[in-house]
Each structure stands twice: as structure tokens, then as C-alpha cells.
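Below, chain A is the first sequence line, B the second, and so on; all start at residue 1. Values below: all heavy atoms of this structure, side chains included; hydrogens, waters and symmetry mates excluded.
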Amino acid sequence: MTEAKLSTFSAPKGTYDLIPPDSETFLAVREAIAAPLRRAGYGYVETPVFEDVNLFSRGVGESTDIVTKEMYTLTTKGGDDLALRPEGTASVLRAALQANLHRTGNVPVKLWYSGSYYRYERPQAGRYRQFSQVGAEAIGAEDPALDAELIVLAVDAYRSLGLRDFRLLLNSLGDRECRPLYRAALQDFLGGLDLDEDTRRRAEINPLRVLDDKREAVQKQLAGAPLMRDHLCEGCKAYHEQVRELLTAAGVAYTDDPRLVRGLDYYTRTTFEFVHDGLGSQSAVGGGGRYDGLSEMIGGPALPSVGWALGVDRTVLALRAEGVDVAVPARTQVFAVPLGEQAHRTLFGLVTEARRAGIAADLAFGGKGLKGAMKSADRSGARWAVVAGERDLADGVVQLKDLTTGDQTPVAVDALVTTLKEKLS
RNA sequence: GUGGGCGUAGCUCAGCUGGUAGAGCACCGGGUUGUGGUCCCGGGGGCCGCGGGUUCAAGUCCCGUCGCUCACCCCA
């Protein structure tokens with residue numbers, strides 16, 4: 001078989017194509033993450049992949065890496081400045097505000113979504129320029145049970161996929177009352193350290209994120225750093241304690257991580273991250289938290305909210321690392337092998353009939369010979385082959401062959417679909 | 001943005017200190033004029049990423065370039 005090279009194009013840097021059979025796994029993972037959300041009253045929301053660039057710079061935070069260097073931005077012919085969405089929360093909240101869901105429906109407004117996100121970064125294992133996540137947001141209510149609910153739903157999603165070796169890191173970042181005080185204390189501490197210029201600048205703009213630095217030289221100096229944990233106001237302390245109790249009651253194990261900050265500015269109080277060690281250096285498979293101030297930041301009313309996003313690509317990598325095979329829906333169950341043109345027409349009809357009866361059926365196309373068609377039947381994964389030539393059809397039968405045993409018996413054409421339904425039930 | 005590793009058949013890779021390009025798997029055909037998977041026999045496939053240099057001679061050495069990849073950074 002000689003094939004000319006048809007294309008010199010390849011997927012853009014940091015992107016990849018989802019093709020069979022792996023693409024089935026991705027679909028299954030998306031569905032598995034969404035299932036618990038649907039059962040918990042979350043409604044599906046879909047927003048544009050691009051938005052006004054200011055939605056993100058104001059929402060996600062001017063100082064974040066996402067906004068300062070990772071956004072794909074463009075100016076339209078009409079002069080609008082847009083950006084491909086680097087995350088989901090800001091868009092979903094914007095959509096909820098625009099549709100007045102918080103007024104017309106019950107609060108919390110519970111929404112889930114699934115889609116692709118874009119960040120201009122150097123690709124590496126588990127980090128892509130287009131990546132896929134499933135997310136959930138509960139908008140307009142301040143209730144520790146809501147934080148706990150979302151975390152439990154994420155854990156249930158992972159478990160339903162068979163993922164085992166993930167850990168849940170939990171922290172509270174305080175609120176507008178206690179965070180500024182802590183921030184000042186931390187800034188004070190960081191001022192006394194020996195830090196490089198970049199880090200020094202970060203300490204000015206968003207000192208909490210310095211805690212997240214994974215470099216040893218930095219971490220060593222952070223040993224005695226003040227922690228948010230010790231600066232929480234009474235309200236935040238009580239709130240966080242309730243979240244923890246609810247998680248424990250639901251049988252969800254977590255690790256307190258007072259250094260967990262996350263890279264988006266809008267988080268308040270509860271923050272969490274699901275980490276997995278099988279992905280290389282990108283350990284987060286999912287994460288989220290509460291964002292009580294975000295609505296106001298983008299021009300809405302006060303709407304305390306909480307949400308998360310789980311990375312589909314990374315979840316797939318984590319599953320692979322654990323050697324978990326995700327159950328994918330049944331492939332072809334029956335494969336039809338025609339001998340000659342007349343049989344091809346007849347089997348085309350029978351395959352159509354079988355499909356309409358709910359059977360996953362396929363047919364050899366392209367005038368393959370019997371041998372080639374049987375090969376296709378084998379590769380299709382079908383349990384049954386339906387073989388028919390003029391001899392059979394003259395007798396009003398087709399040959400039904402069990403591909404696992406090789407046994408073959410004639411079945412009347414009229415009875416084929418009902419026979420198959422019985423065999424497959 | 002900064003570093004490291006790697007680009008040889010559709011895929012995974014071998015090719016030692018330069019001497020006319022290989023394996024396994026996959027694919028196609030035959031053994032079986034109407035039967036796949038196993039087995040046996042046969043076959044097609046390669047600008048050795050690209051450009052330049054050294055040399056009688058470069059997949060192999062040198063330089064450049066592009067691509068992939070991993071890591072820093074950051075995060076899903």
C-alpha cells in the first residue's frame with residue numbers, strides 16, 4: 001500500500017487531535033464527571049469560547065499570569081477586543097448575570113459546563129494550549145454545604161471513573177475582612193527575604209502567590225511565613241470548619257494545605273485542588289473554590305458563589321497512569337459481510353433495520369472481497385457476522401456467524417433482526 | 001521567556017569509533033474460486049526533519065534551522 005503524504009499541516013503547537021479509539025475515553029470521562037452534577041440539580045450552560053477581554057482581566061485578575069501573558073487576544077474588524085476564554089468561571093457568571101438567572105430562578109443558580117479553554121503557554125506533559133475541562137458553579141448563596149456539595153460531587157466523579165490515587169488539598173483564603181490584614185503581614189515577612197526580581201514583584205502585587213512557588217530556594221525561606229490559617233476572622237474560621245465537618249461526614253478525605261493559593265485572584269474562603277502524582281510535573285487534575293466578590297468585580301450585584309473545574313485531559317492522563325480502563329459504550333455488535341452486489345443491497349437493508357431496532361451494526365463497504373470483509377468484521381469488534389451471498393438469499397437465509405467460536409448457522413432473512421435482539425439481550 | 005533530550009518505514013525503535021538503510025508490529029497478496037482471528041509463504045513501502053559544512057565517502061561528525069518532547073515558570 002503506497003500512500004502519498006497528503007498534508008504537511010499538523011495540529012498547532014500545544015494542541016492535539018482526539019481520534020478513535022482514545023477519543024471515546026475522553027467522551028466517557030466528560031460524561032462521568034457530568035453525571036453526578038446532573039443528579040444534583042446542576043443545569044447545562046454553554047457560553048462563547050471568546051469574550052470581551054476585560055471580562056477576564058477584571059475577573060481573573062490583572063496580576064495573574066493568565067491575564068498578563070497567557071491569553072489569546074484578538075481585535076475584531078469592528079474594533080472589539082476579545083480573548084479566547086482561559087477559564088470558565090467568569091464567562092458562566094457573566095452569562096448568569098446577563099440572563100438574570102439569580103432573579104428569575106432559585107438561588108443558588110447551579111450550572112455545569114464542558115468545553116475547551118485556551119492559554120498561550122509552553123506545552124509540556126499535561127499542559128496544552130487548548131485544554132478541556134468540565135466545570136460547575138453554584139451562584140448566589142453562601143452556605144458551607146454548597147462548598148462541600150461541589151467537592152463531594154467531584155470526588156464521586158473521580159471515583160466513578162475508577163480513579164484512586166488522587167488527593168484533595170483544602171485551604172481557606174479568608175474574606176475581605178481578614179485577608180487584607182493577612183496580606184499585609186505576609187508582605188512584611190516577604191520583604192525580609194532574599195528573592196529574585198520576579199518574585200519580589202509578585203510579592204508586591206499578589207503576595208499570596210509567592211507561597212505557591214515550588215522552587216526549593218524560595219520554599220526554604222518560607223518556612224516561618226505567616227499563614228492565612230492563623231489570621232482568619234471568626235466568620236471565615238467557622239465557615240471553614242463547617243466545610244471540613246461536612247466533608248468528613250460525607251466520607252471525603254482531605255489534606256489541609258495552608259499554602260494552597262491558586263493562580264486566580266477571585267478566590268475567597270474555601271479553595272481546593274485535586275492533585276495526582278502520575279502526570280509529570282503538572283499535578284493538579286482539578287480545582288476550585290469560593291469567589292464571593294467576583295460578581296461585583298464584573299459589574300454585578302453581590303453574589304457569593306463557589307465552583308470548580310476538572311481537567312479532562314489531565315484526568316485521562318491520571319487514569320492512564322493508574323492503568324484504569326474507562327468503560328466505553330458498546331462498539332459494533334453485528335457486522336454484515338455481503339458477497340456480490342445483490343447481497344450488498346439486501347444486507348444494507350438489514351443493517352438499517354437492525355440499527356433502527358437499536359443494534360449497533362455495520363457493513364463492509366467499498367466492494368471488498370469476502371476475505372477482506374471478514375477481516376473488517378473481525379476488526380470491528382463485533383461478536384456476530386452476518387454473511388450472505390446469492391446462494392443464501394435464494395434460500396431466503398443469511399449465515400449468522402459467532403466470531404468468538406466460529407460457529408455458523410443459517411437464519412431466515414425475515415427473522416434476522418429478532419434473532420439478533422435475542423442473542424444480544 | 002529560559003534550559004535539557006529527541007527527530008530513521010504507518011507505529012515502536014536498532015544502526016558500534018563515517019563505507020551504498022534494518023527489525024518487530026501494522027499493511028497488502030497467496031496457501032483456502034463463499035469465511036476473520038491463529039499458522040505458513042511472499043510483497044510493497046524510507047529526500048534517515050530541512051539547509052549548509054568537513055570528507056574520496058555522512059543516517060553517523062560540525063554549524064544553523066524547524067518540529068516534537070520534558071523541565072523551570074504557571075496551572076486544568
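The gap from the P atom of B:G31 to that of B:G49 amounts to 40 Å, rounded to the nearest Å. B:U8 and B:A23 have their C1' atoms separated by 13 Å, with the value rounded to a whole Å. For the P atom pair drawn from B:U60 and B:G51, the interatomic distance equals 13 Å after rounding to whole Å. B:C47 and B:G42 have their P atoms separated by 26 Å, given to the nearest Å. B:G59 and B:C48 have their C1' atoms separated by 5 Å, given to the nearest Å.
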Evaluate A:Tyr120 against A:Tyr72 for ring-ring contact (aromatic ring centres under 6.0 Å, His included), listing each step before the verdict. CA-CA 6 Å; A:Tyr120 187 82; A:Tyr72 281 92; 5.7 Å; yes
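Checking A:Ser281 against A:Val312, the closest nucleotide of RNA chain B that is more toward the 5' end is the one next to A:Ser281. A residue-by-residue look at A:Tyr267 and A:Ala382 shows that A:Ala382 has its nearest nucleotide of RNA chain B further toward the 5' end.
Both stacking criteria are satisfied for A:Phe131 over the base of B:A76: a centre-to-centre distance under 5.5 angstrom and an angle between ring planes under 30 degrees.
Non-hydrogen atoms lying under 4.0 Å from RNA chain B are contributed by A:Gly406, A:Gln408, all within residues 406-425 of chain A.
With hydrogens and angles ignored, no donor-acceptor pair under 3.5 angstrom links the side chain of A:Arg262 to the base of B:C75.
The aromatic rings of A:His231 and A:Tyr182 are tilted relative to each other, their planes meeting at an angle between 30° and 60°.
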